[in-house]
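These notes concern the structure reproduced below.
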Amino acid sequence: MDSSDGSGDFKFQMEERDHPLLNFVVLRVLFDHACFKEFKNFRRVCKSWWEVSLRRWRQNSTIIFRLLNIEHNSAQQFMMFWEQSRLLPDQSNLDLYPFKKYSLRYCSIDLENKWQSQFWNVFGNTMSHLEMRYCRFKSVTEFRRILFGVVSKLEVFHYNLNFKTPGLVQRIPWDGELMPGGINQNLREFRYTFNCYMELVVSLEEFFCHMPKIKSLVLNLTSRPPYFYPRLELLEILNAIQSAQAHGIHIQLQNLNLFEMGIFRSQRIQGHYNSLKQLNFPLTSLSIFSIEDFRDDSIILQTIIQLYSHTLRKLFLADFSLGINRAYPRSPFAVKFDALQDLGIVGYMVGTNLEFLEFTPKLKRLMIVDGIFEISIMLREDTSFLPFEHEMQSLKKWHWPTVQETEDVIFNTNFATLKPSPSLEEFVYLGKSHICTPLQVDNLTKLMPNLKTVLLGMTTSGFEIACEQWSNLQVLIIAPWAVEVEKSGFKKIMAELKYLRYFAMGRGRGKDWEPEWELNNESIENGLLKSQHLEKMRIICCDKVIRIIDI
């Protein structure tokens with residue numbers, strides 16, 4: 001919708017107004033770059049500003065159709081709104097700034113219905129994002145017509161299956177023929193959510209052949225392990241991608257997210273390795289979650305990760321093998337990962353120490369959750385201020401098994417043998433001992449001298465060292481908190497953290513809590529609130545957790 005000269009898609013020219021903030025170019029830049037909170041406020045200023053906001057608003061808003069039943073009221077009402085908007089003289093016209101994101105939930109899709117047919121014909125070609133959640137199709141033909149024809153400009157497709165509303169249950173074999181004009185050159189992300197009973201109604205080979213430019217594959221399992229295992233496994237998906245090569249389709253995945261699936265199963269790990277090696281994806285992002293014992297296959301798993309040592313920028317590893325009390329016999333790193341910037345390790349894959357940092361010279365964000373119980377502490381924080389926000393939110397959905405803890409990574413690290421990691425900016429650690437000693441904090445400040453985000457358990461001395469050495473902190477979360485407020489000089493320290501945006505303190509696993517650890521009104525008013533850029537905080541005062549937002 002952008003015009004080359006910055007003014008072609010407006011029916012009237014606001015440049016005639018004298019005030020600079022009513023100039024079209026200024027407004028376009030303002031609305032394109034404002035944060036969402038400011039954006040919502042700007043569009044309420046006046047009608048002209050509201051009209052300028054429509055382009056971005058409709059590009060990023062999602063239209064949701066729910067319970068589209070036999071009467072098809074939602075589609076009918078939306079199409080009536082579209083017809084009326086075409087009569088308006090201002091920028092409300094949906095043809096000028098169409099919505100691009102749609103979500104259909106519990107809908108019955110029938111292209112023979114007048115209103116639904118009109119909806120897909122008018123807006124299908126404008127969709128960039130489409131979610132189909134628990135939808136029924138009248139036939140496989142209609143599913144193919146929509147996916148491989150109508151939504152030709154689709155960039156992100158989320159297909160969600162659920163056994164309560166199965167729709168088309170049986171997968172229909174593909175005859176190998178591509179639909180005329182059905183190849184989508186725009187689709188870059190496929191999010192596939194399914195359970196133990198349901199599958200995509202067309203073959204995966206057919207799907208990939210019609211979506212040759214797909215870059216991101218995210219697989220979600222609704223029935224959570226260890227209670228259920230899916231019929232579909234990673235190996236079947238990789239085989240479908242290999243089969244597509246016979247049609248001249250070479251999928252070049254850059255993001256492979258298996259975190260919410262738990263299907264990286266040990267008895268087939270050799271097959272996974274062989275297929276991944278043959279496909280040779282240029283992966284920049286990889287997320288793996290395991291619920292099985294990889295102890296005997298750790299070398300193969302290590303080798304799988306090393307396939308992408310020169311391309312990976314983000315790596316998230318999680319493993320809670322049932323009934324196993326051990327750390328991984330080896331770190332998943334044995335060669336340099338030259339491009340890796342984001343590394344998240346949850347559970348047993350962490351190894352026994354931080355010596356893997358020598359293989360990640362460009363690492364910027366590091367998160368280590370070194371035990372099952374520490375996750376609950378992590379999720380009490382505002383994860384929007386932490387790395388791997390999406391993955392941490394996903395952890396809330398799982399029913400975690402009861403397992404014992406792993407090694408204490410920081411305790412086992414010989415800091416004298418490690419070189420500093422100046423590129424590290426964010427470090428989140430929740431481990432077995434919870435609270436780092438002052439010596440450990442001091443060693444971490446030397447190993448990671450430029451941190452801006454920190455989550456650690458600290459005592460009074462450790463807190464003083466951390467705030468003195470990491471003077472550019474923007475996010476500081478101390479969990480567990482064991483800091484004597486008055487003794488530490490809390491007010492002075494907080495006032496000197498000029499860039500602090502978020503501060504939080506949390507209790508540990510136990511119920512022990514000392515009165516001198518609590519904040520009071522003076523430490524809040526003359527300490528925390530003196531931080532000029534503070535946006536949110538989560539504090540403990542008078543033995544109660546207090547959340548203060550939008551300061």
Side-chain angles (χ1 to χ4, degrees), residues 1 36 40 53-88 92-169 182 184 186-195 198-202 207 210-211 218 220 222:
M1 296 301 298
F36 191 67
K40 290 195 296 183
S53 75
L54 287 176
R55 183 175 67 98
R56 178 178 171 186
W57 179 264
R58 289 179 180 171
Q59 281 182 344
N60 294 281
S61 298
T62 300
I63 298 295
I64 300 176
F65 292 98
R66 291 187 177 92
L67 296 174
L68 193 60
N69 52 28
I70 298 176
E71 288 76 21
H72 309 288
N73 290 329
S74 297
Q76 179 177 350
Q77 292 174 2
F78 188 79
M79 295 314 299
M80 291 176 65
F81 169 62
W82 167 71
E83 290 180 346
Q84 293 171 1
S85 76
R86 304 183 77 187
L87 303 176
L88 298 175
S92 299
N93 192 335
L94 287 178
D95 291 334
L96 185 62
Y97 293 127
F99 289 96
K100 294 183 176 296
K101 298 181 180 181
Y102 292 84
S103 177
L104 280 62
R105 304 176 182 181
Y106 302 95
C107 294
S108 297
I109 310 299
D110 182 5
L111 293 182
E112 294 182 1
N113 175 269
K114 170 187 174 182
W115 296 107
Q116 284 202 38
S117 177
Q118 187 182 24
F119 165 76
W120 288 108
N121 289 335
V122 173
F123 295 105
N125 196 43
T126 67
M127 294 181 183
S128 64
H129 292 63
L130 175 62
E131 177 191 34
M132 289 184 174
R133 184 182 298 184
Y134 322 141
C135 289
R136 293 174 179 267
F137 288 84
K138 185 177 179 180
S139 67
V140 178
T141 300
E142 294 202 341
F143 179 86
R144 286 174 171 149
R145 281 179 58 191
I146 291 176
L147 190 60
F148 303 147
V150 175
V151 291
S152 59
K153 296 181 180 178
L154 200 63
E155 299 175 9
V156 177
F157 180 49
H158 183 183
Y159 193 55
N160 192 323
L161 292 170
N162 182 280
F163 70 93
K164 293 182 180 179
T165 55
L168 296 170
V169 178
N184 186 330
N186 299 298
L187 192 78
R188 54 182 170 80
E189 179 174 315
F190 178 39
R191 301 179 65 89
Y192 186 19
T193 299
F194 59 97
N195 55 36
M198 296 296 300
E199 295 178 318
L200 194 67
V201 296
V202 297
F207 177 84
H210 285 86
M211 308 293 176
V218 182
N220 302 323
T222 57

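Since we're looking at a predicted model, the values are computed, not measured.
- Side-chain N or O atoms of Glu142 include one that pairs as donor or acceptor with a backbone N or O of Leu111 at under 3.5 Å.
- Looking only at distances, no side-chain donor or acceptor of Glu131 sits under 3.5 Å from a matching main-chain atom of His158.
- Thr126 places no side-chain N or O within donor-acceptor distance of the main-chain N or O of Pro98, the cut-off being under 3.5 Å.
- A pairwise comparison of heavy atoms in Leu104 and Trp120 identifies CD2-CZ2, 3.7 Å as the closest pair.
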Report task. Would you please test Asn184 and Leu154 for side chain to side chain contact (heavy atoms under 4.5 Å, CB included) and show each step? Result -> CA-CA 8 Å; Asn184 186 330; Leu154 200 63; 3.7 Å; yes

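- Judged purely by atom type and a 3.5 angstrom limit, Ser61 uses its side chain to pair as donor or acceptor with the backbone of Trp57.
- Looking at Phe157 and Phe207, their side chains come closer than 4.5 Å, going by heavy atoms from C-beta outward.
- Between Val140 and Val202, some side-chain heavy-atom pair lies under the 4.5 Å cut-off.
- Taking the six-membered ring for Trp and the full ring otherwise, the centers of Phe143 and Tyr159 sit less than 6.0 Å from each other.
- Panel note: side chain Asn186, backbone Ser152; a donor-acceptor pair is recorded below 3.5 Å.
- Using the six-membered ring where Trp is involved, Phe148 and His210 have ring planes that are parallel, under 30° apart on the 30 and 60° scheme.
- Using a 4.5 Å heavy-atom cutoff, the side chains of Val156 and Leu187 are not in contact.
- Between Arg191 and Thr193, the side chains place no donor N or O within less than 3.5 Å of an acceptor N or O (distance only, hydrogens not considered).
- Using bins of under 30°, 30° to 60° and over 60° for the plane-to-plane angle, the ring pair Phe123/Phe119 lands in the tilted bin.
- With a 6.0 Å cutoff to the six-membered ring centre and a 45° limit on the axis angle, Arg58 counts as a cation-pi contact of Phe99.
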